[in-house]
**Student:** 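Here it is, the structure, as structure tokens.
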Amino acid sequence: MIKNHIKKKPIIVKGTILALLACTGMALWATASAAPLAQQHERYLDRMALIDARKDFTQSPSPSYVLDKNAVLRFSSTASTGLIIIGDSILTGWSGYFAHIFPNALIDGRVGRQFSSIIPIWESLQKTGVTRHVGYVVVELGTNGSVSPQNMRTFLHLAGNRQILLVVPEMPRPWEHEVQQLYFRTAAMHQNVHLVRWDLLSRNHPNYYWTDEVHPNWMGIQVMVHAIAVNLQQVLFEQKARLSAENVRLSREVETNKKEAS
């Protein structure tokens with residue numbers, strides 16, 4: 001599932017933009033409507049994500065690791081898909097590197113993606129049968145906006161008993177703490193939900209990011225991908241241990257039943 005080839009914050013837009021206008025000697029404050037401002041903000045972030053992706057080429061040891069596009073959908077390079085990775089511009093920009101480390105993964109990324117998008121994405125993949133043999137899902141979302149508990153519940157219901165890895169985002173944006181707390185609560189309540197603590201790994205490491213303190217550079221993405229790989233391996237190990245313990249229990253139960261029958 002995982003290759004062992006792993007080497008061991010653009011400008012921040014905060015809040016509502018107010019334009020101070022001067023007209024006939026009077027200073028007037030004008031605020032545009034919320035929807036256009038939100039759209040402007042999203043377009044700005046989209047542009048900066050693509051600029052960062054182009055900068056990734058300057059650091060990446062292989063051009064194939066980087067993608068300077070708005071979206072990516074890469075299918076598994078192996079016979080079957082055992083892992084799905086769904087993310088935003090962080091995943092999109094370094095999608096080639098993710099594919100290199102996780103060759104059996106389906107990678108679905110889009111610049112500016114919100115967590116709510118994961119629901120129609122999963123439903124679409126489910127309808128086409130892609131999720132049939134998938135046991136693991138990595139979610140790299142929450143950077144571009146808040147995550148509602150309802151959307152989280154809906155996604156977990158759709159994913160069923162698959163093992164879910166939530167990459168905890170770290171970014172200087174107003175919804176950061178809210179998203180992190182929701183992820184923490186979700187993992188505490190669901191045995192099949194695990195956390196990749198990108199927040200802890202990247203905190204106080206400005207050298208892991210481009211200037212926006214959101215998109216990881218080559219050094220940062222190696223740390224993130226390595227953490228995802230380690231967490232996946234740990235989940236696999238724990239699953240095997242539980243299965244082995246259950247087999248031992250069943251074997252002993254059978255032996256006990258045989259003795260009682262005789």
Side-chain angles (χ1 to χ4, degrees), residues 1-6 72-88 90-92 94-110 113 115-142 147 151-169 182-198 201 221 223-251:
M1 174 184 289
I2 304 164
K3 287 192 176 181
N4 291 323
H5 177 65
I6 305 177
V72 61
L73 180 61
R74 299 180 68 130
F75 289 89
S76 166
S77 62
T78 62
S80 63
T81 301
L83 168 67
I84 291 178
I85 308 176
I86 300 174
D88 49 35
I90 293 174
L91 173 64
T92 304
W94 288 107
S95 54
Y97 183 56
F98 275 87
H100 175 70
I101 301 300
F102 308 108
N104 77 325
L106 181 145
I107 295 171
D108 190 323
R110 178 172 288 278
R113 176 174 281 164
F115 187 94
S116 57
S117 300
I118 201 170
I119 296 169
I121 291 170
W122 188 267
E123 290 174 333
S124 177
L125 293 173
Q126 203 166 34
K127 286 178 182 177
T128 57
V130 174
T131 63
R132 187 176 296 116
H133 302 295
V134 170
Y136 307 88
V137 185
V138 174
V139 180
E140 182 278 302
L141 291 171
V147 180
N151 282 335
M152 178 65 78
R153 287 192 295 268
T154 300
F155 168 64
L156 294 180
H157 174 74
L158 291 170
N161 61 359
R162 294 174 177 86
Q163 301 299 306
I164 311 297
L165 279 74
L166 300 175
V167 180
V168 182
L182 176 61
Y183 283 14
F184 299 155
R185 293 195 303 271
T186 302
M189 294 169 60
H190 300 270
Q191 279 193 330
N192 66 318
V193 177
H194 316 271
L195 300 177
V196 179
R197 296 301 303 270
W198 171 241
L201 291 168
I221 203 63
V223 175
M224 177 186 287
V225 170
H226 177 70
I228 293 171
V230 168
N231 277 266
L232 277 170
Q233 289 170 337
Q234 181 64 29
V235 171
L236 281 165
F237 176 80
E238 291 173 355
Q239 281 189 300
K240 289 179 180 178
R242 282 196 297 269
L243 182 60
S244 178
E246 180 65 12
N247 288 336
V248 169
R249 186 190 68 79
L250 291 173
S251 178

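As the structure is a prediction and not an experimental result, all values here were calculated from the model. When a residue number appears, it is its place in the shown sequence, counting from 1. Scope of the values below: all heavy atoms of this structure, side chains included, with no hydrogens, waters or symmetry mates.
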**Student:** Over 60° means perpendicular and under 30° means parallel, so classify the ring planes of Tyr97 and Trp94, tilted if in between.
**Tutor:**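 Taking Tyr97 first and then Trp94, their aromatic rings stand perpendicular (interplane angle over 60°).
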
**Student:** Got a donor-acceptor contact below 3.5 angstrom from the Glu140 side chain to the Val167 backbone?
**Tutor:**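 Such a contact is absent between Glu140 side chain and Val167 backbone.
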
**Student:** Between Val138 and Ile84, is a side chain to side chain contact (heavy atoms under 4.5 Å, CB included) present by the stated rule, with each step listed?
**Tutor:** CA-CA 6 Å; Val138 174; Ile84 291 178; over 6 Å; no

**Student:** Is the backbone N or O of Leu106 less than 3.5 Å from a side-chain atom of Ser76, with the two atoms forming a donor-acceptor pair by type?
**Tutor:**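 Judged by distance alone, no pair lies under 3.5 Å.
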
**Student:** Closer than 3.5 angstrom, by distance alone: can the side chain of Ser77 be matched with the main-chain N or O of Pro103 as a donor-acceptor pair?
**Tutor:**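 Confirmed, Ser77 side chain pairs with Pro103 backbone.
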
**Student:** Distance from Ile90 atom CD1 to Ile221 atom CD1, nearest 0.5 Å?
**Tutor:**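 CD1 of Ile221 is found 7.0 Å from CD1 of Ile90.
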
**Student:** Nearest 0.5 angstrom please: Arg153 CZ to His157 NE2, how far?
**Tutor:**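 It is 12.5 Å, given to the nearest 0.5 Å.
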
**Student:** Report the C-alpha distance between Phe184 and Val168 in whole Å, list the side-chain angles of each, state the deciding distance to 0.1 Å, and finish with yes or no for side chain to side chain contact (heavy atoms under 4.5 Å, CB included).
**Tutor:** CA-CA 9 Å; Phe184 299 155; Val168 182; 4.1 Å; yes

**Student:** Quick check for you: to the nearest 0.5 Å, what is the distance between Leu141 atom CG and Ile121 atom CD1?
**Tutor:**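 One gets 7.5 Å once the value is rounded to the nearest 0.5 Å.
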
**Student:** To check you understand the geometry: which heavy-atom pair defines the closest contact between Val193 and Leu156, and what is its length?
**Tutor:**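 Taking every non-hydrogen atom into account, CG2-CD2, 3.8 Å.
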
**Student:** Give the C-alpha distance, both sets of side-chain angles, the deciding distance and a yes or no for side chain to side chain contact (heavy atoms under 4.5 Å, CB included) between Leu73 and Phe75.
**Tutor:** CA-CA 7 Å; Leu73 180 61; Phe75 289 89; 4.0 Å; yes

**Student:** Say you draw a straight line from CD1 of Ile118 to CZ of Phe115; how long is it, rounded to the nearest 0.5 Å?
**Tutor:**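 One finds 5.0 Å between CD1 of Ile118 and CZ of Phe115.
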
**Student:** Report yes if some heavy atom in the side chain of Ile164 is under 4.5 Å from a heavy atom in the side chain of Phe155; otherwise report no.
**Tutor:**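 Side-chain contact under 4.5 Å: yes.
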
**Student:** Do you know which two heavy atoms are closest between Val147 and Gly142, and how far apart they sit?
**Tutor:**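 Result for this residue pair: CG2-CA, 4.1 Å.
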
**Student:** At their closest point, which heavy atom of Ile107 faces which heavy atom of Ala99, and how far apart are they?
**Tutor:**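 Reported closest heavy-atom pair: CD1-N, 3.4 Å.
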
**Student:** Quick check: closest heavy atoms across Leu201 and Ala227, and the distance to 0.1 Å?
**Tutor:**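 Shortest heavy-atom contact: CD1-CB, 3.4 Å.
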
**Student:** Atom CG of Asp88 and atom CG of Asp108: how far apart are they, to the nearest 0.5 Å?
**Tutor:**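 One finds 11.5 Å between CG of Asp88 and CG of Asp108.
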
**Student:** Any donor and acceptor pair, going by atom type alone, linking the side chain of Asn192 with main-chain N or O of Arg162 inside 3.5 Å?
**Tutor:**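 Yes.
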
**Student:** Check each of Asn104, Leu83, Asn231, Ile85 against Tyr136 using the side-chain contact (heavy atoms from CB on, under 4.5 Å) test, and report the only one that passes.
**Tutor:**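 Answer to the side-chain contact (heavy atoms from CB on, under 4.5 Å) test with Tyr136 among Asn104, Leu83, Asn231, Ile85: Leu83.
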
**Student:** Which atoms form the tightest heavy-atom contact between Leu166 and Met152, and what is the distance?
**Tutor:**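 For Leu166 and Met152, the tightest heavy-atom pair comes out as CD1-CE, 4.0 Å.
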
**Student:** Is there a donor-acceptor contact under 3.5 Å from the side chain of Ser117 to the main chain of Arg113?
**Tutor:**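 Pair absent, no side-chain N/O of Ser117 close to backbone of Arg113.
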
**Student:** Leu91 and Ile86: which non-hydrogen atoms are nearest, and at how many Å?
**Tutor:**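 Result for this residue pair: CD2-C, 3.8 Å.
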
**Student:** Is a donor on one side and an acceptor on the other found under 3.5 Å between the side chain of Ser124 and the backbone of Pro120?
**Tutor:**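 No; judged by distance alone, with no hydrogens or angles, the pair does not exist.
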
**Student:** Just so I know, are the side chains of Leu165 and Leu232 near enough to count as touching, which here means a heavy-atom distance under 4.5 Å?
**Tutor:**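 They are in side-chain contact.
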
**Student:** Could you tell me the separation between the NE2 atom of His194 and the CD atom of Gln191, rounded to the nearest 0.5 Å?
**Tutor:**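 Result: 9.0 Å between the selected atoms.
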
